[in-house]
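Below is one structure; the comments refer to it alone.
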Amino acid sequence: MEPILSGEVKVRFAPSPTGPLHIGGARSALFNWLFARRYGGKFVVRIEDTDLERSSRESEENIVSSLRWLGLDWDEGIDVGGPGGPYRQTERLDLYKRYAEQLLANGMAYRCYCSEDELAAQRESQLAAGDMVRYTGKCRDLTPEDCARLEGEGRKPVIRFRVPADKLITVRDKVRGDVNFDCAGIGDFIIVKSDGIPTYNFAVVVDDHFMGITHVMRAEEHLSNTPLQVLLYEALGWPVPAFAHVSLILGKDRSKMSKRHGATSIEQYRELGYLPEALVNFLALLGWSPGTEDEVLTLEQLQEQFSLERVSKSPAVFDLEKLNWLNGYYIRHSSLERITELAVPFLQKAGYLPENPDKTMWEKARLIAAAIRERIEYMDQVTEQARVFFVDPGYEDPQARDILAQEQVPEVFRALQDKLAALPAVLDEETARGLLKKLPKELGLGGKKVYQPLRVALTGKTSGPELHHLLPVLGSQRVITRLQNALAAAGA
RNA sequence: GGCCCCAUGGUCAAGUGGCCUAAGACACCGCCCUUUCACGGCGGUAACCCGGGUUCGAAUCCCGGUGGGGUCACCA
């Protein structure tokens with residue numbers, strides 16, 4: 001397998017399939033995608049599944065479908081294939097083996113027979129002493145005879161990279177500048193585990209090299225791994241790619257975003273009814289800014305404007321309030337058709353709409369969507385907002401009861417009932433609007449005296465959707481029922 | 001604790017030595033629109049972590065402190 005030679009930009013997103021796609025992973029994927037698109041390069045998605053214990057196909061599928069849902073696509077990688085494949089590390093084991101052997105042969109790596117228990121004890125004492133935890137090099141100079149003996153004892157070796165004693169490694173980072181590390185603080189690290197599977201640090205280097213990756217863009221948590229990888233590139237005689245470490249996304253308490261900070265996977269936001277473009281827009285603004293006053297940006301605009309120079313160095317707190325605002329903005333600015341389609345599953349889940357809604361049911365859903373779309377920030381909220389259309393109110397609220405007790409109320413309700421009786425049972429919004437509008441004048445009353453009791457009677461609340469949105473959804477029959485119920489409740 | 005990164009309002013952030021008596025957005029507050037809430041419009045409160053340098057001049061450069069974060073696995 002030869003590296004793909006090209007002068008263009010090539011980046012990758014390389015998640016390990018140990019869980020659903022995380023907010024932070026999604027942002028890394030997005031940044032890589034934007035970078036590739038901005039510079040006319042290639043974007044690849046590779047699965048790093050060398051952790052046999054925790055990796056699963058289920059997670060892999062979740063990651064792939066979440067990426068797609070966000071609107072990202074890739075030129076090469078899992079699911080789509082490409083010249084640098086396979087794109088799952090467990091399917092590339094021969095490749096890693098070849099280079100591990102090369103390193104072994106030229107003495108840059110060696111077998112280590114220390115047991116995990118021995119290592120753990122050592123680590124503990126180093127940590128207690130306040131040193132950098134690192135392998136002491138116990139197996140560095142084992143003779144072939146030593147190895148044979150240890151293997152005779154049934155020990156399975158790992159392969160360690162021999163880290164040069166006094167060397168300074170400079171990581172050239174596009175967002176952080178040069179970052180220096182002293183090899184004295186780095187112990188000989190494992191590149192192949194005792195089961196023959198390569199570790200992350202080794203596999204990532206081999207793959208990025210053979211896949212022709214020009215820029216490694218990833219989260220800052222990987223920064224301290226980077227010198228190890230640079231060492232490997234040098235040992236293997238391969239060119240070192242450019243790095244760009246993007247700072248972390250933090251929870252409200254300023255620690256790395258995790259489950260305890262609430263919804264952290266893309267899937268969860270999808271299920272709550274967030275729109276992909278809102279998430280993309282929000283994520284893009286977390287750690288990057290366009291430098292203009294624009295806040296609402298489409299994927300297209302983002303890919304035209306994205307640049308590494310504008311990626312921020314400091315960590316960003318995930319601000320759910322702002323995501324909610326942005327998502328609400330997108331809901332308000334999407335077509336009513338789309339919002340209706342998105343709302344239907346939530347209405348069904350609440351039992352407000354049948355499994356297979358017919359045309360009139362869809363029309364009803366459409367009216368509901370129109371009535372509440374300015375009041376919700378994500379689609380899951382339609383359940384609560386739509387309640388008023390389906391559940392008759394109880395009139396327990398004291399403030400509501402006061403309003404119903406006003407003296408003009410019976411007259412107002414009677415007037416509306418009479419009007420409805422004279423009309424077809426199915427009302428459209430125009431009719432409702434016109435009818436409502438004339439009411440105060442006809443009764444010689446102020447708007448407030450008319451509308452407030454009606455609102456309370458129909459919803460049980462003093463706030464909610466516009467009355468002319470309410471009537472068509474409820475229909476004359478239900479409106480009349482609620483007016484009578486309200487009167488009865490007020491009299492009680 | 002060692003190593004590494006970071007530091008402008010509550011949050012995201014613009015700012016790359018004078019244009020800063022520091023932008024914009026979210027949140028918050030007020031006013032307007034309105035039958036209510038919401039939406040929308042207008043306005044407001046609110047920040048350069050501290051201390052030393054460098055410089056005619058520092059939010060911007062340097063050093064130190066402090067604070068926060070990351071990382072120290074046969075996980076990625």
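Keep in mind the model is a prediction, meaning the values are calculated, not measured. Just so we're on the same page: letters track the sequence lines, and every chain starts at 1.
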- Task: Indicate, with a heavy-atom threshold strictly under 4.0 Å, whether His222(A) touches base, sugar-phosphate, or nothing.
- Result: base
- Contacts of type side-chain contact (heavy atoms from CB on, under 4.5 Å), residue Arg373(A), not counting sequence neighbours: Ile331(A), Leu336(A), Ile339(A)
- Task: Go through residues 47-63 of chain A and report each residue with a non-hydrogen atom lying under 4.0 Å from RNA chain B, sorted by number.
- Result: Glu48(A), Thr50(A), Asp51(A), Arg54(A)
- Determine which nucleotide pairs with A47(B), using a 3.5 Å limit on both distances of a Watson-Crick or G-U wobble pair. none
- Check every strand shown and say whether Glu116(A) touches a base, only sugar-phosphate, or nothing at a heavy-atom separation below 4.0 Å. base
- Does C56(B) pair with anything, Watson-Crick or G-U wobble, both distances under 3.5 Å, and if so, with which nucleotide? G18(B)
- Item | Complementary nucleotide for A7(B) - Watson-Crick or wobble, under 3.5 Å | U66(B)
- Enumerate the residue pairs fulfilling salt bridge (Lys or Arg N to Asp or Glu O under 4.0 Å) with a member in residues 154-166 of chain A, sequence neighbours excluded, ordered by first and then second residue. Glu118(A)-Arg155(A), Asp141(A)-Arg162(A), Glu153(A)-Arg155(A)
- Message: In whole Å, I'd like the distance from the CD atom of Glu124(A) to the P atom of G1(B).
- Response: 18 Å
Review item, side-chain donor-acceptor pairs of residues 438-447 of chain A, under 3.5 Å, at least two apart:
from      : atom 1 : to        : atom 2 : distance (Å)
Glu442(A) : OE1    : Lys419(A) : NZ     : 3.0
Glu442(A) : OE2    : Lys419(A) : NZ     : 3.2

- Task: Could you check whether Cys114(A) gets within reach of a base, just the sugar-phosphate, or nothing at all, counting any heavy atom under 4.0 Å?
- Result: base
Are any protein N/O atoms closer than 3.5 Å to N/O atoms in nucleotides 44-48 of chain B? If there are, list each pair with its distance.
none

- Any pair with a residue in residues 277-289 of chain A that passes salt bridge (Lys or Arg N to Asp or Glu O under 4.0 Å), sequence neighbours left out, goes on the list, sorted by first then second residue, please. Glu277(A)-Arg338(A)
- Tell me the salt bridge (Lys or Arg N to Asp or Glu O under 4.0 Å) pairs involving residues 313-324 of chain A, sequence neighbours left out? Glu295(A)-Lys322(A)
- Taking protein heavy atoms under 4.0 Å as touching, what does nucleotides 4-17 of chain B look like 5' to 3' if B marks base contact, S marks sugar-phosphate-only contact and - marks none? SBSS---BBSSS--
- Kindly point out which of A76(B), A23(B), U35(B) is positioned nearest to the side chain of Glu293(A)? A23(B)
- Item | Euclidean distance, atom CG of residue Asn281(A) to atom C1' of G24(B) [Å, nearest integer] | 14 Å
- Query: Checking all strands, does Arg455(A) fall into the base, sugar-phosphate, or nothing category for heavy-atom contacts under 4.0 angstrom?
  - Reply: base
- Pairing nucleotide - C12(B), Watson-Crick or G-U, each distance under 3.5 Å: G24(B)
- Message: In whole Å, measure the gap between the P atoms of A23(B) and G15(B) for me.
- Response: 14 Å
- Pairing partner (Watson-Crick or G-U wobble, both distances under 3.5 angstrom) of C31(B): G41(B)
- Whom does G1(B) pair with, Watson-Crick or G-U wobble, provided both distances fall under 3.5 Å? C72(B)
- Item | Thr431(A) side, atom OG1; Leu420(A) side, atom CG - distance, nearest 0.5 Å | 10.5 Å
- Message: Can you work out whether Arg123(A) or Asn201(A) has the more 5'-proximal nearest nucleotide on RNA chain B?
- Response: Arg123(A)
- In plain terms, say whether Lys461(A) and Asp397(A) are close enough for a salt bridge, that is, a side-chain N and a carboxylate O under 4.0 Å apart. no
- Lys193(A) side chain near A73(B) phosphate (N/O to OP1/OP2, under 4.0 Å): no
- Residues that Phe13(A) engages under ring-ring contact (aromatic ring centres under 6.0 Å, His included), provided they are two or more places apart: none
- Look at the rings of Phe210(A) and Tyr99(A) and say which category their plane angle falls in: under 30° parallel, 30 to 60° tilted, over 60° perpendicular. tilted
- Item | Distance between P atoms of A27(B) and C20(B) (Å, rounded) | 28 Å
- Item | Touch class at under 4.0 angstrom, heavy-atom based, for Arg373(A) against every strand present | nothing
- Query: Using the benzene-type ring in the case of Trp, are the ring centres of Phe318(A) and His261(A) under 6.0 Å apart?
  - Reply: no
- Message: Side-chain N or O of Arg46(A) versus OP1/OP2 of A76(B): is the shortest distance under 4.0 Å?
- Response: no
- Measure from NE2 on His469(A) to P on U36(B) and round the result to the nearest Å. 15 Å
- Item | salt bridge (Lys or Arg N to Asp or Glu O under 4.0 Å) contacts in which one or both residues fall within residues 181-198 of chain A, not counting sequence neighbours | Arg140(A)-Asp188(A)
- Item | Note: Glu309(A)-Lys174(A) ion pair, threshold 4.0 Å (strictly below) | no
- Do Arg27(A)'s NZ or CZ and the ring of Phe31(A) fall within the cation-pi criteria of under 6.0 Å and 45°? yes
- Message: Classify the ring geometry of His333(A) against Tyr329(A): parallel below 30°, tilted from 30° to 60°, perpendicular beyond 60°.
- Response: parallel
- Task: Test for a donor-acceptor pair under 3.5 Å between the base of A76(B) and the side chain of Asn225(A), counting only N and O atoms.
- Result: yes
- Donor-acceptor contact present, side-chain Ser312(A) to main-chain Gly287(A), <3.5 Å: no
- Message: Rounded to whole Å, please give me the gap between CZ in Phe161(A) and P in C74(B).
- Response: 17 Å
- Taking RNA chain B as the partner, which of residues 456-466 of chain A come within under 4.0 angstrom of it by heavy atom? Thr462(A), Ser463(A), Gly464(A), Glu466(A)
- Task: Would you please name every residue forming a side-chain contact (heavy atoms from CB on, under 4.5 Å) with Val382(A), sequence neighbours left out?
- Result: Ala343(A), Phe346(A), Leu347(A), Ile372(A), Ile376(A), Met379(A)
- Task: Starting at atom CD1 of Ile339(A), determine the distance to atom P of C39(B), rounded to an integer number of angstrom.
- Result: 16 Å
- Query: For Lys256(A), which contact category applies under a 4.0 Å heavy-atom criterion: base, sugar-phosphate, or nothing?
  - Reply: sugar-phosphate
